[in-house]
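Heads up: the structure comes next, in structure tokens.
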Amino acid sequence: MKSSELRQSFLSYFESKQHQIVESSSLIPGNDPTLLFTNAGMVQFKDVFLGEDQRPYTRATSSQRCVRAGGKHNDLENVGYTARHHTFFEMLGNFSFGDYFKKEAITYAWEFLTVVLKLPKEKLLVTVYADDDEAFDFWHDMIGVPKEKIIRIGDNKGGRFQSDNFWAMGDTGPCGPCSEVFYDHGEHIWGGPPGSPEEDGDRFIEIWNVVFMQFNRSADGTMAPLPKPSVDTGMGLERIAAILQGVHSNYEIDLFQNLIKAAAKLVGTDDLSAQSLRVIADHIRSCSFMIVDGVIPSNEGRGYVLRRIIRRAVRHGNKLGQKGVFFHKLVEALDLEMGDAYPELRKLKDRVASILLKEEEQFAKTLDQGMKILEEAISQLGDKKIIPGETVFKLYDTFGFPADLTNDVARENNLEIDEAGFEVAMDAQRARARSASNFSMDMSGSVTLDSVTEFTGYDNLAGQCEVETILVDGVSVDSIEAGQFAAVVLKSTPFYGESGGQVGDKGWLRGAGAFKVANTTKQAKAHLHQGELKEGRLSVGDVLTGEVDRTMRMATTLNHSATHLMHEALRRILGDHVTQKGSLVDPERLRFDFSHFEGVTAVEIEQIEDMVNEQIRLNRPVETDIMDVESAKEKGAMALFGEKYDSEVRVLTMGADYSIELCGGTHVKRTGDIGLFKIITESGIAAGVRRIEALTGKAAIDSTRHTESLLSNVAGLVKGNKENAFDKVVALNEHARSLQKELDLLKGKMAALAGADLASQAVAIEGGKLLVAQVEVADPKELRDLLDELKSSLESAVILLAAVNDGKVSLIAGVTKELTKKVKAGDLIKMVAPLVDGKGGGRPDMAQAGGNNPDGLSGALALVPDWVAERV
């Protein structure tokens, strides 16, 4: 049964049992902020189980897409190395909200498995919570499962009701025993039944978990019966598909095999058993559906998890020899497999591919260089087995290598990473970031301020100010001495307090003392001037002269005014759906977040820049008016995100009604004061939210000059000028490609010659030939290519090749199909590798290993002929 048929069969069965088929919810949980991603079928029904949501049905069934790749539930590091771990999987489930309970749930599970799917009853066994006699009796008396195949699991996790067979929604709330169904793969596979010391083996695999929510646990641990007991079940689609299709690994089912074949074609490999192909096939599913549900690659939260997974997939493609972009092309293959079941994927597949391509291109710029740094670090370890935390941090900080990606490479080389050292380096970076940021003060103990500070800074950047309140660590004091940090509240001030996206002013308060203002914030209607008294004494009642940092304020003002012009340009060019979602205006640049469903194109970027710069060149006056809110609305004023407005508001009009917005920030007198506007980045930061960063004034001019300087430098390198530099670079790139093709061709010919020479050294054995040799190759890929050449030319052979580079031993063994029944490449490698202080393994036809003791190599190779002779 195909995976698609299995999914539909499950839903149709429960629909026939009066269950409402409910579509899969988003991977972003809509009702549970504690979860990074939806990780189980019951997540979308959580409020129903809690009684906080009423549905028109009391029975439901679904095929829920799930991700476990971040936070508490994280399977990322195991993906590709085990048979059943995935970042993305589908959970088949049926649910009862106070309708049926244990009897029906057990009946449905057994009937679907044994009647619909026709699984042999003798292959199934079940577990129940040790005290759940009711479930035990249903399984034995009603279903007929032999007692010896019903296993009671007690409190095996350190406390009452702490068991693999007792489920809880949290420390308090709905909970209850559960019953799991296991499939026995047979005695030929190692492992024991659940509850035994060998339960972690692969013989007995859990395929279905039926949770009986029958208690409500209070804070004191009391377990009160629920008035309406409910049922929550889950069965992994991939696991049950593997069983039905007669394979042991989930990656061997039809869904994965088609993706693996597509990935193999894209990266250019014929080895469909490569672990890296499994990683890529798994990751295209999670990445694509994350993007479908609105996640965009970023450096935080869900976006960072997505970025990690994309980069892990790209690195595994690189490991297989693919140096160009490829991952995004797998979206088409995924659509063929899952587009019918999830039409939202088919609808958005072009957008998904586009986002993946951009992320691939970005990472490709640093992947090769980062891998060289990592490989060099590994080569210098000697006998050490741990990659230093500083190296892991450098790869993360400089080349965008997540620590788990470095850990992947380490594991492939039988190494570990210094996770503690990495965290120390990360903490040091956070400390540096904090110290480099604006001055801030702990105001957690602040008194409530009733002060109303009059802001005089729209037209004046200096003025007389009287000290009304002084706060030290949130406590009101009468005075401070030199060297103390404080927050000073003035009756009037020219300092703008941080609000509406505009940063607070810096400067000086001078009088009896000299107070350096590092930041100005607001608490209610009071302005807090935060900083340090550099000299003298400062007391409540002192009259000071406030001096705002003029350069900082003017640069900030240019960026704030340009933000308004750009906001209007975005609405006119992209559509009225554009609304501001956040902003940051400081002296360096402007940052603007806005609602939009797709990336802004290069053409649209140019149109936005042109429209804003046209308003700047027109040099029209910027007008401000104070009016009531209703009058402002009638004038067509638009409120900015995050700003709170009183009954009377400040209306800013720019460019003869080009832009009309409510804003309390500081602005230029005329649009021409902005000088120049230049967008430098555009990106997605969340589902349906884009971000633009731009420069104005001198910063925009400096950026343009820098770009011209770079172009001139490139032109010089290619012996051209700024006008023909592009054509010169294209020609140079084509020439490099041509040379690379020639180089690859020569390498292939050299490998063939080397292979022919080595083939002549093979000796006869029973059923074929044996070749054992130490060779000179540049890297493991050349070693694999040479092995493939020899297997082809020798036809029936056992081959062991070894190479030494930088004090490291590389081993590879190959056995042609005719001889794998007698000699297995993995066994050969396991015999030889320890003799060079290494470990390794692989398949019967091909296996690899690395070692740290070149001195032991000649002796190890000498043992191979006798070892092989004993087996053939």
Side-chain angles (χ1 to χ4, degrees), residues 14 17-20 22 25 29-32 34-35 38-62 64 66 72-73 91-110 112 126-139 142-143 150 152-157 159-181 206-236:
F14 281 99
K17 303 298 182 183
Q18 292 75 54
H19 289 64
Q20 173 68 45
V22 181
S25 64
N31 59 347
D32 193 342
T34 66
L35 289 177
T38 298
N39 57 25
M42 63 80 60
V43 171
Q44 68 167 313
F45 302 117
K46 184 174 180 179
D47 287 346
V48 183
F49 286 123
L50 291 172
E52 298 171 358
D53 181 18
Q54 298 295 322
R55 301 286 178 93
Y57 47 82
T58 58
R59 299 183 177 198
T61 186
S62 69
Q64 173 66 49
C66 302
K72 178 181 177 182
H73 301 285
M91 186 67 80
L92 305 171
N94 58 286
F95 310 90
S96 164
F97 313 119
D99 188 329
Y100 61 81
F101 200 43
K102 293 182 183 179
K103 178 180 179 181
E104 295 85 349
I106 290 173
T107 300
Y108 293 152
W110 192 255
F112 182 73
V126 297
T127 63
V128 296
Y129 184 55
D131 297 343
D132 193 358
D133 294 331
E134 185 179 19
F136 186 98
D137 291 341
F138 278 134
W139 281 115
M142 180 180 69
I143 301 300
I150 307 174
R152 293 180 185 264
I153 303 293
D155 298 323
N156 56 357
K157 292 186 174 181
R160 183 62 172 147
F161 303 119
Q162 300 295 312
S163 170
D164 287 332
N165 277 67
F166 196 92
W167 180 91
M169 193 174 287
D171 293 335
T172 61
C175 58
C178 64
S179 184
E180 298 172 326
V181 182
E206 176 199 340
I207 57 174
W208 204 337
N209 188 15
V210 184
V211 176
F212 309 119
M213 293 188 199
Q214 65 183 99
F215 301 112
N216 185 48
R217 178 159 44 194
S218 61
D220 63 4
T222 303
M223 305 287 275
L226 286 172
K228 290 185 176 181
S230 299
V231 171
D232 157 32
T233 81
M235 176 166 61

Looking just at side-chain N and O atoms, do Ser25 and Gln64 make a donor-acceptor pair shorter than 3.5 Å? yes
Run the side chain to side chain contact (heavy atoms under 4.5 Å, CB included) check on Phe112 and Trp208 step by step: do they pass? CA-CA 11 Å; Phe112 182 73; Trp208 204 337; 4.0 Å; yes
With rounding to the nearest 0.5 angstrom, report the CD1 to CD distance, Ile153 to Glu180. 8.0 Å
Nearest heavy-atom approach of Thr107 to Ile143 is CA-CD1, 4.2 Å
Evaluate the criterion side chain to side chain donor-acceptor pair (under 3.5 Å) for residue pair Thr127 and Asn165; output intermediate values, then yes/no. CA-CA 8 Å; Thr127 63; Asn165 277 67; 2.9 Å; yes
Any heavy-atom pair between the side chains of Asp99 and Arg59 that's under 4.5 Å? yes
Could you pull out the closest heavy-atom pair between Ala105 and Val231, with the gap in Å? CB-CG1, 3.9 Å
How many angstroms lie between atom CG of Asp232 and atom SG of Cys178, to the nearest 0.5 angstrom? 9.5 Å
Full working for side chain to side chain donor-acceptor pair (under 3.5 Å) between Asp155 and Ser163: CA-CA 4 Å; Asp155 298 323; Ser163 170; 4.9 Å; no
So, Thr233 and Asn94: side-chain donor and acceptor under 3.5 Å apart, yes or no? yes
Given Ser179 and Phe212, is the side chain to side chain contact (heavy atoms under 4.5 Å, CB included) satisfied, shown in steps? CA-CA 8 Å; Ser179 184; Phe212 309 119; 3.9 Å; yes
Gap separating the NZ atom of Lys17 from the OG1 atom of Thr61, nearest 0.5 angstrom: 12.5 Å
So does Asp132 pair up with Lys102, basic N to acidic O under 4.0 Å? yes
Charged N-O contact under 4.0 Å between Arg55 and Asp47: no
Show your working on side chain to side chain contact (heavy atoms under 4.5 Å, CB included) between Asp133 and Arg152 and close with a plain yes or no. CA-CA 9 Å; Asp133 294 331; Arg152 293 180 185 264; 2.8 Å; yes
Between the CG atom in Asp137 and the NZ atom in Lys103, the distance rounded to the nearest 0.5 Å is 13.0 Å
Contacts of Ser230 that satisfy side chain to side chain contact (heavy atoms under 4.5 Å, CB included) - sequence neighbours left out: Phe49, Met213
Within the structure provided, determine whether Ile106 and Val210 are in side-chain contact (heavy-atom separation under 4.5 Å). no
Minimal non-hydrogen separation, Tyr129 against Pro177, with atom names: CB-CB, 3.6 Å
Looking at CZ of Phe14 and CG of Leu92, how far apart are the two atoms once the value is rounded to the nearest 0.5 Å? 9.5 Å
Do the ring planes of Phe166 and Phe161 sit parallel (below 30°), tilted (30 to 60°) or perpendicular (above 60°)? tilted
When every non-hydrogen atom of Cys175 is compared with those of Met223, the smallest separation belongs to SG-CE, 3.4 Å
Please find the pair of heavy atoms, one from Cys66 and one from Gly41, that lie closest to each other, and give the distance. SG-N, 4.4 Å
Run the numbers on Ile150 and Val128 for side chain to side chain contact (heavy atoms under 4.5 Å, CB included), then give the verdict. CA-CA 7 Å; Ile150 307 174; Val128 296; 4.2 Å; yes
Output field: ring centroids Tyr108/Tyr100 closer than 6.0 Å: yes
So CD of Gln44 and OG1 of Thr38: to nearest 0.5 Å the spacing works out to 8.0 Å
Which pairs count as salt bridge (Lys or Arg N to Asp or Glu O under 4.0 Å) when at least one residue sits in residues 211-223, sequence neighbours excluded? none
Trp167 and Met42, any side-chain heavy atoms less than 4.5 Å apart: yes
Ala60 meets the side chain to side chain contact (heavy atoms under 4.5 Å, CB included) criterion, sequence neighbours left out, with Val22, Phe45, Tyr57, Phe95, Phe97
